[in-house]
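Count residues from 1 along the sequence. Both backbone and side-chain heavy atoms feed into the values below; hydrogens, waters and symmetry mates do not. Everything quoted here is computed from the prediction, not taken from an experiment.
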Amino acid sequence: MRPWLRSAVWSAAVAALLAVVIVVSAAIGPVRIPPETVVKSVLDALAVPAGIEANAGGVGPLPLPGVGPLTLPGLDLAFASPFAFPVDSVHQRIVVGVRLPRILLGALVGFALAAAGTVMQGFFRNPMADPSIIGVSSGAAVGAVAFIVFPLAFSATVAVPLLGPVDVALSRGAGTSLAAFAGALVAAFGVYAIATRHGRTPVATLLLAGVAVQTFLGAVVSYLQLQAGESLRQVVAWLMGHLSGAAWSEVAITAVVVPPLFFVLLAYARDLNVLLLGEEEARGLGIAVERTKRVLLAASALVTAAGVAFAGVIGFVGLIVPHMLRLVVGPDHRVLLPTAALAGGTFLVAADTVARSGAAEYPVGIVTAAVGAPFFVYLLVTREVTEL
């Protein structure tokens, strides 16, 4: 079977499993909702453009030379739902307004972490690698914890053409996410800059630079925790990883960032396969090795940063999921990358369902660590981990 056909078959199978897990997860909670009601609620919430309507707002008046003030009519898209299933309004609000944003954010974050982990394991030719190996998680932790401990209030009025003055403010949650995203990128590209000499980035040097930067940033996080005071609880909760309180705006931002970066990684899947043979062999086969490494590192750092910005540090997803899927579908990244990414989303949604289903809700990072740490030990004891 051709690789892309195998990829489509495996991806369809894992995507179907992800859909089932999403429905089951949305049905579980303090208020139990039948799975068929979940499906109906989601379908009722779907809306498609049905036309254009004028509103009373408009834009203007705009001063036009020789014409005078001109007011443009306001236009809005009208949406209509193709479904109208009879669903209890309370169940509808619980599913669509509370549970579904959290579940979809978990699916996107797991998707991002597993995709980056797959690339990192192939890049370093080591199944023990994960996205944090280039300092992304540590950098995100420093950025987020620093903002929690020393919050900055930002508000301004910006003049927007055609709209006039617009008030802009940075909330605490948005500031934490933005600081985490920025910290992740600074750390990742800092590791790359340290390891690069004369236009070349040796993999071994990159690995050692990542370890050194992670260690230093871990010390920074520890110092910030000492300075946290009353905000220590928030710091610990963020460092453990969380999906509680997810909003549709966070889902939308993550959905805009993660899929395009994933397709960049997927476009380099064949080159990543060739890199498994070694850099010299890859050059002999016509691969632009340094450019490929730069693209893979940049895209992996960005997709990981997008994942941890809203969810905090969630460990082991990028480690155990790619490795388990490699045992099932093989090492061909054209098949492995999309399958592992979808499986990562499935795993994190399932883990978060377990985390919030007990008498008390726990950070999802505890569940992923509880599953991942024993698997990590299993790899150390039973398998050769120096290369793929």
Side-chain angles (χ1 to χ4, degrees), residues 15 17-48 79 81 83 85 87-114 140 144 170-178 180-181 234 237-238 240-262 303-314 317 341-342 344-357 361-365 367-368:
L17 177 62
L18 174 59
V20 171
V21 171
I22 287 175
V23 172
V24 173
S25 179
I28 295 175
V31 178
R32 300 284 173 160
I33 301 175
E36 59 271 18
T37 302
V38 172
V39 175
K40 291 177 181 178
S41 298
V42 173
L43 292 176
D44 283 350
L46 295 178
V48 296
F79 292 88
S81 175
F83 303 100
F85 294 106
V87 178
D88 183 271
S89 60
V90 174
H91 288 174
Q92 174 87 13
R93 287 195 295 271
I94 291 174
V95 171
V96 178
V98 178
R99 295 182 184 172
L100 202 57
R102 176 172 182 159
I103 292 169
L104 292 182
L105 182 62
L108 286 167
V109 172
F111 185 97
L113 294 177
L170 184 65
S171 66
R172 186 181 183 89
T176 302
S177 299
L178 185 61
F181 185 81
Q234 290 179 284
W238 196 94
M240 287 183 177
H242 65 91
L243 292 169
S244 59
W248 279 111
S249 58
E250 298 174 353
V251 176
I253 294 172
T254 310
V256 168
V257 175
V258 170
L261 292 170
F262 168 75
V303 79
T304 305
V308 301
F310 293 115
V313 179
I314 300 177
V317 177
L342 289 167
T346 305
F347 172 71
L348 190 54
V349 171
D352 184 57
T353 304
V354 173
R356 62 180 174 82
S357 297
E361 181 177 321
Y362 297 99
V364 67
V367 178
T368 58

| message | Using only atom types and a distance under 3.5 Å, with no angle test, would you say the side chain of Thr368 pairs donor to acceptor with the backbone of Gly365? | response | yes
| Partners of Tyr362 by ring-ring contact (aromatic ring centres under 6.0 Å, His included), sequence neighbours excluded? | none
Minimum heavy-atom separation for [X] to [Y], with atom names?
X      : Y      : answer
Ala341 : Ala114 : CA-CB, 4.0 Å
Ala311 : Leu243 : CB-CD2, 3.8 Å
Ala350 : Val21  : N-CG1, 4.0 Å
Val303 : Ala112 : O-CB, 3.5 Å
Ser357 : Ile28  : OG-CG2, 3.4 Å
Ala309 : Phe181 : CB-CB, 4.1 Å

| Would you call Val109 and Phe310 a side-chain contact if the rule is heavy atoms closer than 4.5 Å? | no
| said: Just so I know, are the side chains of Val317 and Phe347 near enough to count as touching, which here means a heavy-atom distance under 4.5 Å? | reply: yes
| field | Contact list for residues 101-113, test salt bridge (charged side-chain N to carboxylate O under 4.0 Å, His left out), sequence neighbours left out | value | Arg102-Asp352, Arg102-Glu361
| Among all residues two or more places apart in sequence or in another chain, which pass the side chain to side chain contact (heavy atoms under 4.5 Å, CB included) test with Leu108? | Val251, Thr254, Ala255
| field | side chain to side chain contact (heavy atoms under 4.5 Å, CB included) involving Val308 - partner list, sequence neighbours excluded | value | Leu113, Ala140, Thr304
| message | With rounding to the nearest 0.5 angstrom, report the CE to CD1 distance, Met240 to Ile314. | response | 13.0 Å
| field | Atom pair CD1 (Ile33) and CZ (Arg99), whose distance is rounded to the nearest 0.5 Å | value | 4.5 Å
| field | side-chain contact (heavy atoms from CB on, under 4.5 Å) assessment of Trp248 paired with Leu100 | value | CA-CA 9 Å; Trp248 279 111; Leu100 202 57; 3.9 Å; yes
Name every donor-acceptor pair, under 3.5 Å, that has one atom in a side chain of residues 87-95 and the other anywhere in the protein, sequence neighbours excluded.
from: Asp88; atom 1: OD1; to: Val90; atom 2: N; distance (Å): 2.9
from: Asp88; atom 1: OD1; to: His91; atom 2: N; distance (Å): 3.3
from: Gln92; atom 1: NE2; to: Ser41; atom 2: O; distance (Å): 3.4

| request: Write out all pairs satisfying side-chain hydrogen bond (donor to acceptor under 3.5 Å, both in side chains) with one or both partners inside residues 20-36, taking only residues at least two apart or from two chains. | output: Ser25-Thr353, Ser25-Arg356
